[in-house]
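As structure tokens, the structure follows; a few thoughts come after it.
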Amino acid sequence: MIGWLLTGVMVGRLAGEKRSVRTPPCVAGHVHKINYNSSQLKIESVYLCFKFNEFDKVTEPSTDIEGEVEEATPEPTLPTPLHLESPLDHLVHRRNQNEVRFSAYFRRKQKESMFSAYFKRKQKESGFSTSPVPENYVFTPEERQKKLASNKSIPVIDLASANTYIGLGHDDIVKQIFEAGKEFGIFQIVNHGVNNEVMSEMLEVVKEFFNMPLEARAIHYSEDLCKPETVERYAVEMKGLTEKIFGLITEGLGLEYDYLNGGLSGQPMVSHMNYFPPCPDPSLTFDLAKHCDSGLVTLLLQGDVSGLQILCKGEWRAVDLVPNAIIVIYGHQMEFVSNGQLKSVEHRAITNDMQSRISIATFIQPAKDCLVAPAKKLLDEKNPPLYKSFLFDDYFTNYVANLGDKQKLTEHFQNKETIERYAVEMKGLTEKIFGLITEGLGLEYDYLNGGLSGEPMVSHVNYYPPCPDPSLTLGLAKHCDPGLVTLLLQGDVSGLQILCNGEWRAVDPVPNAIIVIYGHQMECMRLNKKFKMV
Ligand SMILES: O=C(O)CCC(=O)C(=O)O
Ligand SMILES: [Fe+2]
């Protein structure tokens with residue numbers, strides 16, 4: 001359902017500004033005007049994209065979408081329109097599905113067909129044409145906010161002694177963060193080390209920007225309001241905070257310190273500035289509809305007006321305003337990587353009729369081509385992988401298609417059934433093969449059962465991305481398998497080779513075949529040396 005984000009959309013980026021020089025626009029963007037009944041709605045939010053260590057080089061967003069637009073609204077003259085994928089794109093589009101002129105620069109047609117069925121249904125269900133809130137912003141009675149059942153508060157964690165690295169204070173913080181992630185998937189942090197001045201300046205910049213009249217914003221904002229120093233300082237602070245938090249999270253999980261760095265947080269950091277104006281009837285709609293965040297972690301700074309709520313054990317709870325706190329929201333990837341030990345939290349933002357509200361959400365997300373999977377170190381016989389491994393890009397496509405619905409997404413990416421069925425099949429096949437091998441050797445039927453195959457069966461899931469120069473490296477170096485037998489299933493791309501009488505030979509892919517590889521133990525058993533390992 002759409003939300004009452006009666007703001008505007010500017011899609012922007014941090015360009016290569018140099019501090020000493022008065023620079024051309026540092027945020028390029030686009031403001032959309034929408035006429036709705038007699039009032040004018042302005043749908044706004046700003047995306048800023050930061051690539052660290054590369055402030056001068058900005059990721060080129062795709063702009064291949066203009067051609068798809070049929071009826072472009074006349075727009076003010078603006079800097080070149082840009083498109084950046086933001087985790088919230090789908091919500092923005094959802095809000096504005098019925099205002100067909102919303103965006104000339106997004107993949108409108110594609111998004112329209114994606115959301116139109118949903119909207120038709122929702123509109124039919126709602127039917128509140130006389131409300132002060134535009135009909136397409138009205139939620140069904142079941143979906144609207146009710147009195148909060150619980151006010152049990154979300155943990156506020158003091159990071160003051162996080163940097164001591166050892167000792168009670170530090171260990172206690174690690175524990176608190178772990179517990180908060182396990183129970184809530186969200187917590188607030190204070191004494192986080194982020195410069196308070198930078199935070200309040202950043203909120204001021206956003207407020208100042210959104211308080212400008214639409215036309216003035218459209219023409220001037222990129223020069224007058226971006227305040228590159230503030231934005232850049234904020235970005236640097238967020239980057240530092242991310243590293244600190246990641247260190248504490250990985251320590252709590254028992255993973256290497258830098259496990260969440262690299263590909264898992266490899267997409268350029270995006271900050272999304274939200275401006276929510278007062279709403280004539282907050283009982284009917286939301287600033288932001290229920291969703292889970294798509295990435296690993298979101299760092300949220302809210303101004304002095306509260307509004308964030310989280311869903312915890314079926315109940316909505318308010319996240320209290322804590323001065324100078326930053327809210328850490330776990331996105332869906334955190335749940336996948338931690339194999340469900342840490343939760344990602346569903347949340348929403350409620351409206352109010354008196355004040356406008358500002359929030360700044362900074363998203364840390366995996367690179368598009370990053371293979372996300374439960375961390376191997378967290379898996380064992382008792383903790384099988386609960387989720388499939390997948391490319392983040394595939395997840396994101398599903399995220400958009402499922403409107404950030406955590407349940408649907410979890411169903412799609414969970415592994416339980418497939419893994420279990422595969423394991424049962426492998427177990428059965430092993431028995432069959434063992435029977436045939438022992439028969440060939442003239443041994444008792446069950447000779448290879450018991451201790452000889454007594455370790456819990458383990459399946460490794462390997463993914464080999466394309467390699468820019470296959471002549472220089474191997475997917476996997478020469479080795480023999482340590483166990484008795486390996487049952488290998490390969491996808492539709494061949495690659496396995498074996499060393500046979502001093503020569504490497506390819507193993508051809510045969511549809512639906514399973515490759516049986518004898519491990520070292522098979523040879524070591526001195527079964528008349530009839531079997532060779534490969
Ligand atoms: O404005 C808020 O409090 C929530 C923002 C949010 O959930 C998001 O940007 O993903
Ligand atoms: Fe969110």
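Start at 1 and go down the list; that is how both ligands and their atoms are numbered.
Partner of Thr362 under the side-chain contact (heavy atoms from CB on, under 4.5 Å) criterion, out of Lys239, Met238, Glu237: Met238 alone.
In this structure, Lys406 contributes its side chain and Ser344 its backbone to a donor-acceptor pair below 3.5 Å.
For ligand 1, the atoms lying closer than 4.0 Å to a non-hydrogen atom of Leu300 are 2 (C), 3 (O), 5 (C). Atoms of ligand 1 found under 4.0 Å from any heavy atom of Ala361, numbered from 1 in the order shown, are 9 (O). Short contacts between ligand 1 and Asp293, defined as distances under 4.0 Å to a heavy atom of the residue, involve ligand atoms 10 (O). Within ligand 1, counting atoms from 1 as listed, the ones closer than 4.0 Å to a heavy atom of Leu308 are 3 (O), 4 (C).
When heavy-atom distances to ligand 1 are checked against a 4.0 Å cut-off, Gln302 has no atom that comes that close, whether in backbone or side chain. Heavy atoms of Arg348 found under 4.0 angstrom from ligand 1: none, in either backbone or side chain.
The environment of CD in Glu411 is crowded: more than 12 heavy-atom neighbours from other residues, nucleotides or ligands sit within 6.0 Å.
Within the structure, the closest approach of Leu288 to ligand 1 falls below 4.0 Å when heavy atoms are considered. Ligand 1 has at least one atom lying under 4.0 Å from a heavy atom of His291.
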Full working for side chain to side chain contact (heavy atoms under 4.5 Å, CB included) between Asp293 and His347 | CA-CA 9 Å; Asp293 288 350; His347 52 285; 3.1 Å; yes

ring-ring contact (aromatic ring centres under 6.0 Å, His included) between Tyr257 and Phe246, worked out = CA-CA 8 Å; Tyr257 183 79; Phe246 277 2; 9.8 Å; no

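The minimum distance between the Fe ion (ligand 2) and any N, O or S atom of Asp293 involves atom OD1.
The aromatic ring centres of Tyr387 and Tyr395 sit 6.0 Å or more apart.
Between the NE2 atom of His291 and the NE2 atom of His347, the angle taken at the Fe ion (ligand 2) works out to 90° after rounding to 10°.
The pair Lys343-Glu335 does not count as a salt bridge, with every side-chain nitrogen at least 4.0 angstrom from each carboxylate oxygen.
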